[in-house]
Amino acid sequence: MKTQKFISVVLWLALVSLCLKSTAANVKKPHIIFIVADDLGWNDVSFHGANEIPTPNIDALAYNGVILNRHYVLPISSPSRSALLTGRYPIRDGTQGFDLEPGEARGIPLNRTLMPEYLRQLGYGTHLVGKWHAGYHSVNHTPARRGFDSFYGFYNKLIGYFDHTIKLLSEDGQVHIGNDLHRDTPEALKVVHDKGYITDLITNEAIMIINNNGNEKPLFLEISHLASHGNQNVLDPLEVPDMQETNATFSYISDLKRRKYAGVVKSLDDSVGRVVTALSKAKMLENSIIVFISDNGAPTTGMYGTSGSNYPLRGMKNSLFEGGVRGVACIFSPLIKSAGRVSMKKMHIVDWLPTLYAAAGGNANNLNDIDGLNQWPSIVDEDVKSLRNHILLDINLALDIEGIILENYKLIRVQPHTSNKLLSNEYYGSNGNSSFNPHYNILESALSSPTGLAISHLTEFNSTSVTKADNVRKRSEVRCSQPKTFADCSNYCLFNLENDPCETNDLAKHSIRIRNVLIGFLYNYRKLTVQPASDVIDSRSFPENFHGTWMPWKNV
Ligand SMILES: *[C@@H]1O[C@H](CO)[C@@H](O)[C@H](O)[C@H]1NC(C)=O
Ligand SMILES: *[C@@H]1O[C@H](CO)[C@@H](O)[C@H](O)[C@H]1NC(C)=O
Ligand SMILES: *[C@@H]1O[C@H](CO)[C@@H](O)[C@H](O)[C@H]1NC(C)=O
Ligand SMILES: *[C@@H]1O[C@H](CO)[C@@H](O)[C@H](O)[C@H]1NC(C)=O
């Protein structure tokens with residue numbers, strides 16, 4: 001009798017555990033595809049209202065997801081990537097300030113746990129394709145030792161689109177040029193010499209990872225593009241896959257530099273279409289989250305200018321004005337309710353770690369010592385408020401600039417480096433809308449793009465809903481007129497971003513109380529600032545020491 005009872009209890013327990021297992025399997029963790037564009041300007045996507053460069057695949061995601069229209073980033077690459085991966089303001093890890101140059105022994109401190117590591121703990125396969133730019137002086141600083149199961153791409157800030165090299169001019173006037181294309185795993189670093197246009201190589205690798213992963217294991221795939229960053233050819237910094245084709249497609253853009261820029265962006269947009277199609281074929285799209293962001297604003301003019309457009313926002317890459325830090329961003333997922341909207345909720349790039357961790361079923365409260373806030377509920381549901389009331393934009397002691405946003409107000413202090421337009425206070429460059437595009441109906445194109453076709457059965461994105469998409473597009477456009485003069489902000493400017501997104505009307509002298517509250521916030525953050533590590537170039541890193549390749553050169 002007793003044994004019988006025992007056996008039935010055991011059977012019952014087995015049955016319960018089976019049921020639990022199958023429910024757990026039914027609530028599958030979403031795949032996360034995180035696409036980062038490099039130096040893409042506010043008005044270089046057509047979903048923000050400009051007609052010049054069509055981005056139908058990205059637009060299809062935006063019109064059927066959420067346009068994150070107040071998504072803030074750091075004003076340059078390495079700090080932005082540090083913030084994304086750690087969920088922390090770069091000032092707290094010494095990763096603020098200047099971009100990492102080849103041969104600098106700096107990077108995200110090894111004692112920080114990065115986003116892929118956290119997602120791996122939740123059972124995810126984790127892969128990075130494309131740009132890293134977060135430090136590689138020791139093997140342990142490279143991406144495949146920081147939480148990624150695989151890495152295919154480049155360590156440094158840029159490579160040539162075709163030759164995949166980067167060069168460094170050392171103080172003695174020598175040029176050090178090396179290949180920077182790698183295929184790494186946690187066990188082994190491998191140098192590769194693949195031929196081809198980098199945007200396509202990155203895309204091919206991403207598709208291979210999607211196909212190999214399939215729908216069984218949750219996938220975290222970061223696709224970190226070179227596009228639309230310039231290369232090191234200062235006078236002609238962009239390379240398109242096929243100039244003849246670019247000439248034909250964009251003949252209506254008379255400025256040749258801007259035309260090439262359009263060709264680079266087109267490849268980026270095509271890449272998004274190919275990735276979404278692959279997700280659909282692998283039956284993963286139904287359960288995917290796709291994020292598209294730019295790491296910072298476009299360097300629209302000056303020596304390294306690429307002809308990108310941040311119009312009508314003030315400033316550009318490197319500056320804390322909106323053109324530098326209010327980045328292009330949208331998210332698409334069938335998990336989002338009442339999709340097809342423009343969110344004006346404040347979000348910062350540090351928020352992605354807790355947001356995606358929560359979306360993946362983790363408890364964001366378990367992430368220790370981060371600045372990011374879980375925005376998943378406020379993204380999924382329009383009615384949920386954002387937890388974020390303020391954003392530290394940056395404190396950069398080297399350039400003597402700082403900025404912070406609280407509610408609708410933004411306080412900013414910058415030096416008027418008139419000789420250096422990279423730190424410009426004004427709006428420069430293309431308005432992203434000056435050439436008439438004769439053949440293009442943006443909305444129809446989004447609908448019939450590979451992305452539009454792949455998502456149509458999930459979203460009811462069809463010719464009836466085009467009007468809805470058109471409204472979304474209109475709402476995401478920032479409208480302001482460009483004034484003739486801009487306020488000097490060397491002793492703090494205060495702007496109300498709600499009615500002055502282009503930062504033209506300085507309120508600092510009138511709203512002294514608000515100005516002082518914001519100065520107080522900055523003061524408290526300044527106390528948390530960690531000095532950046534030395535940015536001396538180490539000659540041991542030179543590629544001539546590593547058969548012509550950029551490689552880790554230090555043991556620790
Ligand atoms: C671009 O041009 C179109 C057509 O003239 C106009 O409707 C739209 O508002 C412009 N957008 C921007 C951002 O300038
Ligand atoms: C993490 O490492 C950095 C750089 O090595 C160091 O400055 C910092 O104190 C460390 N933080 C902790 C919490 O150990
Ligand atoms: C593209 O157009 C430019 C300007 O019209 C011209 O100089 C260049 O030769 C063309 N390139 C090709 C490959 O057709
Ligand atoms: C288009 O989508 C709408 C919902 O947005 C739906 O009611 C309608 O039936 C769809 N039309 C076609 C032709 O699929």
Side-chain angles (χ1 to χ4, degrees), residues 33 35 37 40-69 199-200 203 206-207 223 225 227-228 240-242 245-246 248-253 258-259 261-281 285 288 290-294 308-309 328-333 339-342 432-433 435-477:
I33 316 300
I35 306 171
L40 187 70
W42 178 263
N43 219 18
D44 294 329
V45 288
S46 40
F47 74 75
H48 273 159
N51 279 339
E52 197 166 53
I53 305 178
T55 51
N57 289 288
I58 301 166
D59 294 2
L61 295 178
Y63 299 149
N64 295 283
V66 181
I67 297 178
L68 303 167
N69 236 27
T199 306
D200 296 334
T203 310
I207 291 172
I223 307 174
H225 282 282
S228 50
V240 296
D242 181 337
E245 203 181 299
T246 298
T249 313
F250 298 107
S251 57
Y252 58 89
I253 304 180
R258 179 78 179 156
R259 188 188 291 175
Y261 187 86
V264 170
V265 174
K266 181 180 187 301
S267 293
L268 171 66
D269 185 71
D270 288 344
S271 164
V272 172
R274 288 181 61 203
V275 166
V276 176
T277 305
L279 287 169
S280 172
K281 283 195 180 138
L285 193 56
S288 285
I290 305 173
V291 179
F292 181 90
I293 69 164
S294 180
S309 174
V328 170
C330 65
I331 179 168
F332 169 85
S333 175
R341 53 187 152 92
V342 179
N433 211 17
S435 309
F436 177 65
N437 184 339
H439 322 287
Y440 203 77
N441 177 325
I442 299 272
L443 295 166
E444 292 296 341
S445 305
L447 199 59
S448 58
S449 70
T451 301
L453 297 175
I455 65 176
S456 61
H457 71 287
L458 298 171
T459 58
E460 297 174 327
F461 187 36
N462 63 30
S463 46
T464 336
S465 49
V466 156
T467 331
K468 185 182 165 199
D470 198 18
N471 286 331
V472 172
R473 184 173 187 235
K474 286 204 179 85
R475 267 182 278 130
S476 78
E477 191 174 325

Worksheet entry | Exercise: identify the closest heavy-atom pair between Pro450 and Thr277 | CB-OG1, 3.6 Å

Discussion item. What verdict does the side-chain contact (heavy atoms from CB on, under 4.5 Å) test give for Asn69 and Trp42, after you've listed the backbone C-alpha separation in whole Å, the side-chain angles of each residue and the deciding distance to 0.1 Å?
Written reply: CA-CA 10 Å; Asn69 236 27; Trp42 178 263; 3.5 Å; yes

Worksheet item: For Gly49, does its backbone N or O pair with a side-chain atom of Arg473 as donor and acceptor, under 3.5 Å?
Response: yes

Worksheet item: Is there side-chain contact between Phe250 and Val265, with at least one heavy-atom pair below 4.5 Å?
Response: no

Discussion item. Quick check: do Phe47 and Leu61 have side-chain heavy atoms less than 4.5 Å from each other?
Written reply: no

Item to complete: Would you check if Tyr63 and Ser476 make a side-chain contact, meaning some heavy-atom pair closer than 4.5 Å?
Response: no

Discussion item. According to salt bridge (Lys or Arg N to Asp or Glu O under 4.0 Å), does anything in residues 268-281 pair up with another residue at least two apart or in another chain? List the pairs.
Written reply: Lys266-Asp270

Worksheet, complete the sentence: Rounded to the nearest 0.5 Å, the CD atom of Glu52 sits from the OH atom of Tyr261 at a distance of 11.0 Å

Worksheet item: Can you tell me how far CD1 of Ile331 sits from CD1 of Ile67, rounded to the nearest 0.5 angstrom?
Response: 12.5 Å

Discussion item. What's the separation between atom NE2 in His48 and atom CG in Asp59, rounded to the nearest 0.5 Å?
Written reply: 9.5 Å

Worksheet item: Does Lys468 reach the side chain of Asn471, with side-chain heavy atoms less than 4.5 Å apart?
Response: no

Discussion item. Could you report the tightest heavy-atom contact between Gly432 and Asn43, atom names first, then the distance?
Written reply: CA-ND2, 4.1 Å

Worksheet item: Can any side-chain N or O of Asn57 pair as donor or acceptor with the backbone N or O of Thr451 at less than 3.5 Å?
Response: yes

Worksheet, complete the sentence: Nearest heavy-atom approach of Ser333 to Ser288 is OG-O, 2.8 Å

Discussion item. Any side-chain to backbone donor/acceptor pair from Asp44 onto Ser309? Under 3.5 Å, distance only.
Written reply: yes

Worksheet item: Is there a side-chain contact between Pro241 and Ser267 (heavy atoms, below 4.5 Å)?
Response: yes

Response to the item:
All heavy atoms of Ala60 vs all of Ala446, minimum pair found to be CB-O, 3.8 Å

Worksheet item: Taking the side chain as C-beta and beyond, is there a heavy-atom pair between Ile290 and Val275 under 4.5 Å?
Response: no

Worksheet, complete the sentence: Separation between OG (Ser465) and CG (Asn64), nearest 0.5 Å, reads 6.5 Å

Worksheet item: Can you check whether Ile253's main-chain N or O pairs, donor with acceptor, with Ser435's side chain at less than 3.5 Å?
Response: no

Fill in: Short side-chain to backbone donor-acceptor contact, Thr55 and Ser46, under 3.5 Å
yes

Fill in: All side chain to side chain donor-acceptor pair (under 3.5 Å) counterparts of Ser280, not counting sequence neighbours
none

Worksheet item: Can you name the nearest heavy-atom pair linking Val472 to Gly340, along with the distance?
Response: CG2-O, 3.4 Å

Worksheet item: With sequence neighbours excluded, what pairs up with Thr203 under the side chain to side chain donor-acceptor pair (under 3.5 Å) test?
Response: Ser271

Fill in: CZ on Phe332 to CD1 on Ile455, rounded to 0.5 Å
4.5 Å

Item to complete: To the nearest 0.5 angstrom, please state how far the CG atom of Leu285 sits from the CD1 atom of Ile33.
Response: 9.5 Å

Practice prompt. Please answer whether the main-chain N or O of Tyr252 pairs with a side-chain N or O of Arg259 as donor and acceptor at a distance below 3.5 Å.
Written response: no

